[in-house]
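Excluded from the calculations below are hydrogen atoms, water molecules and symmetry mates; all remaining heavy atoms, backbone and side chain alike, are included. Since the structure is predicted, the reported quantities are computational estimates derived from the model, not experimental observations.
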Amino acid sequence: MSIKGDTSLIRGLLYLCEVIEYKTINKAAEANGIKPSNLSLLITELEKQVNAKLLIRTPQGCIPTATGKAFCNLAHELKNLIWEIKESYVTHTEITTLYVFIAPNLDFCDCSEFEKEFPEIRLKKTMNESEADFLILNTPPKQKDVSYSEFNIGSNIKQKIWLCCRDLKPAALCFFDFIVAKLLPVCDQSAPLSSEDSDFPCA
């Protein structure tokens, strides 16, 4: 069987398990965010694929056949295996700590969204510029060879913000993209952003 066929079989088995657990197609569909008609079709396709009747459909709900129960047991084993794979990934994913320095007089954006999107990267604020992997400044950094982007944050107000990182760490690059995406909506889009250097700013 091809990978496409295997995927279809796995999906069908998992959905079969859900229908048997919830006892009706409607409830199982609602719990999994799909249309009942689509779920019913998936079960029908699964029965064709394995060439066996898996559910007895009645006005009161769905009753698994002996074969359906056997396949449901296999689906439970499959779900356990998937859970083990997920646990293994979470356990062995290396956590990167990104030390961030934010100028004391800067009221910067909430970064909780970044941590949700990149759970493998932990942000840790530091008040020591020298140990920071990433710096958000509103005055030029001590090192002169850096670039900056100028953001218009008001009609007649311009705020220069330097986004600086050390060693071009992948985690820092991700954070840079996040910060820029946060800043753009609050900028005056009538005037283009200006930059003294098109390269990524690094301290």
Side-chain angles (χ1 to χ4, degrees), residues 1-100 109-124 133-134 165 167-186 200:
M1 187 179 289
S2 66
I3 291 178
K4 184 177 180 180
D6 289 341
T7 303
S8 175
L9 178 62
I10 291 170
R11 182 176 62 173
L13 287 172
L14 293 175
Y15 275 125
L16 172 68
C17 196
E18 291 289 285
V19 172
I20 292 175
E21 179 180 341
Y22 285 96
K23 297 182 173 59
T24 70
I25 286 177
N26 285 343
K27 289 182 179 179
E30 182 180 357
N32 288 277
I34 66 173
K35 294 180 179 179
S37 58
N38 290 343
L39 180 51
S40 179
L41 181 60
L42 284 170
I43 297 301
T44 299
E45 290 298 320
L46 176 63
E47 290 178 326
K48 291 179 180 178
Q49 197 171 2
V50 300
N51 193 29
K53 187 72 174 176
L54 303 174
L55 291 176
I56 299 172
R57 308 183 192 202
T58 73
Q60 289 73 38
C62 297
I63 302 170
T65 64
T67 305
K69 288 181 180 179
F71 275 113
C72 185
N73 290 336
L74 292 174
H76 275 298
E77 293 181 18
L78 180 60
K79 290 172 75 172
N80 288 336
L81 181 58
I82 292 172
W83 180 83
E84 288 180 11
I85 292 172
K86 288 181 177 179
E87 284 296 302
S88 176
Y89 171 78
V90 171
T91 301
H92 294 96
T93 297
E94 184 177 351
I95 301 297
T96 300
T97 300
L98 189 67
Y99 291 91
V100 179
C109 59
D110 179 16
C111 298
S112 59
E113 291 180 22
F114 176 82
E115 293 175 322
K116 290 179 181 178
E117 185 176 351
F118 298 95
E120 71 278 11
I121 302 174
R122 291 180 181 170
L123 299 179
K124 187 171 183 179
D133 301 309
F134 196 98
C165 75
D167 302 326
L168 293 181
K169 293 184 177 181
L173 290 171
C174 290
F175 193 54
F176 174 80
D177 291 340
F178 171 81
I179 294 299
V180 170
K182 281 289 185 182
L183 287 175
L184 288 178
V186 300
F200 180 83

Worksheet item: How long is the gap from CG on L16 to SG on C62, to the nearest 0.5 Å?
Response: 9.5 Å
Worksheet item: SG of C17 to CG of L78: how many Å apart, nearest 0.5 Å?
Response: 9.5 Å
Practice prompt. Mind checking the CG-CZ spacing from L54 to F71? Nearest 0.5 Å is all I need.
Written response: 6.0 Å
Worksheet item: Do L41 and E45 have side chains that get closer than 4.5 Å, going by heavy atoms?
Response: yes
Worksheet item: Is there side-chain contact between L98 and R122, with heavy atoms separated by less than 4.5 Å?
Response: no
Discussion item. Using 0.5 Å steps for rounding, measure from the CD1 atom of I82 to the CG atom of L14.
Written reply: 5.0 Å
Item to complete: Report the relative orientation of the aromatic rings in F114 and F118; use parallel for angles under 30°, tilted for 30 to 60°, perpendicular for over 60°.
Response: tilted
Worksheet item: Which residues satisfy the side-chain contact (heavy atoms from CB on, under 4.5 Å) test with K27, sequence neighbours excluded?
Response: Y22, T24
Worksheet item: Would you say E30's side chain and I25's backbone share a donor-acceptor pair under 3.5 angstrom?
Response: no
Discussion item. With heavy-atom distances below 4.5 Å as the criterion, would you say the side chains of I20 and L55 are in contact?
Written reply: yes
Worksheet item: Step by step, would you call I43 with R57 a side-chain contact (heavy atoms from CB on, under 4.5 Å)?
Response: CA-CA 11 Å; I43 297 301; R57 308 183 192 202; 3.6 Å; yes
Worksheet item: Are any side-chain N or O atoms of E47 and backbone N or O atoms of K53, one a donor and one an acceptor, separated by less than 3.5 Å?
Response: no
Item to complete: Would you mind reporting whether V50 and L9 have side-chain heavy atoms less than 4.5 Å apart?
Response: yes
Worksheet item: With a 4.5 Å heavy-atom cut-off, do T65 and I56 have their side chains touching?
Response: yes
Worksheet entry | Sidechain N-carboxylate O distance under 4.0 Å for K23, E18 | no
Worksheet item: Do T96 and E120 come close enough that some side-chain heavy atom pair is under 4.5 Å?
Response: no
Worksheet item: Can you check whether L39 reaches Y15 side chain to side chain, under 4.5 Å on heavy atoms?
Response: yes
Worksheet item: Is the side chain of T7 donor-acceptor paired with the backbone N or O of I3 at a distance under 3.5 Å, no angle test?
Response: yes
Worksheet entry | Shortest non-hydrogen contact between G12 and L46, atoms and distance | O-CD2, 3.3 Å
Worksheet, complete the sentence: side-chain contact (heavy atoms from CB on, under 4.5 Å) filter on N38, not counting sequence neighbours, yields K35
Discussion item. For N51, I'd like to know if atom CG has over 12 heavy atoms of other residues, nucleotides or ligands within 6.0 Å.
Written reply: no
Worksheet item: Going by heavy atoms in the side chains, are L42 and R11 under 4.5 Å from each other?
Response: yes
Fill in: Distance (rounded to the nearest 0.5 Å) between K79 NZ and I10 CD1
14.0 Å
Worksheet item: Angle class for the F134/F176 ring planes (parallel below 30°, perpendicular above 60°, tilted otherwise)?
Response: tilted
Practice prompt. Please say whether more than 12 non-hydrogen atoms of neighbouring residues, nucleotides or ligands are located less than 6.0 Å from CD in E21.
Written response: yes
Worksheet, complete the sentence: One should read off an interatomic distance between E117 CD and D177 CG, to the nearest 0.5 angstrom, of 9.5 Å
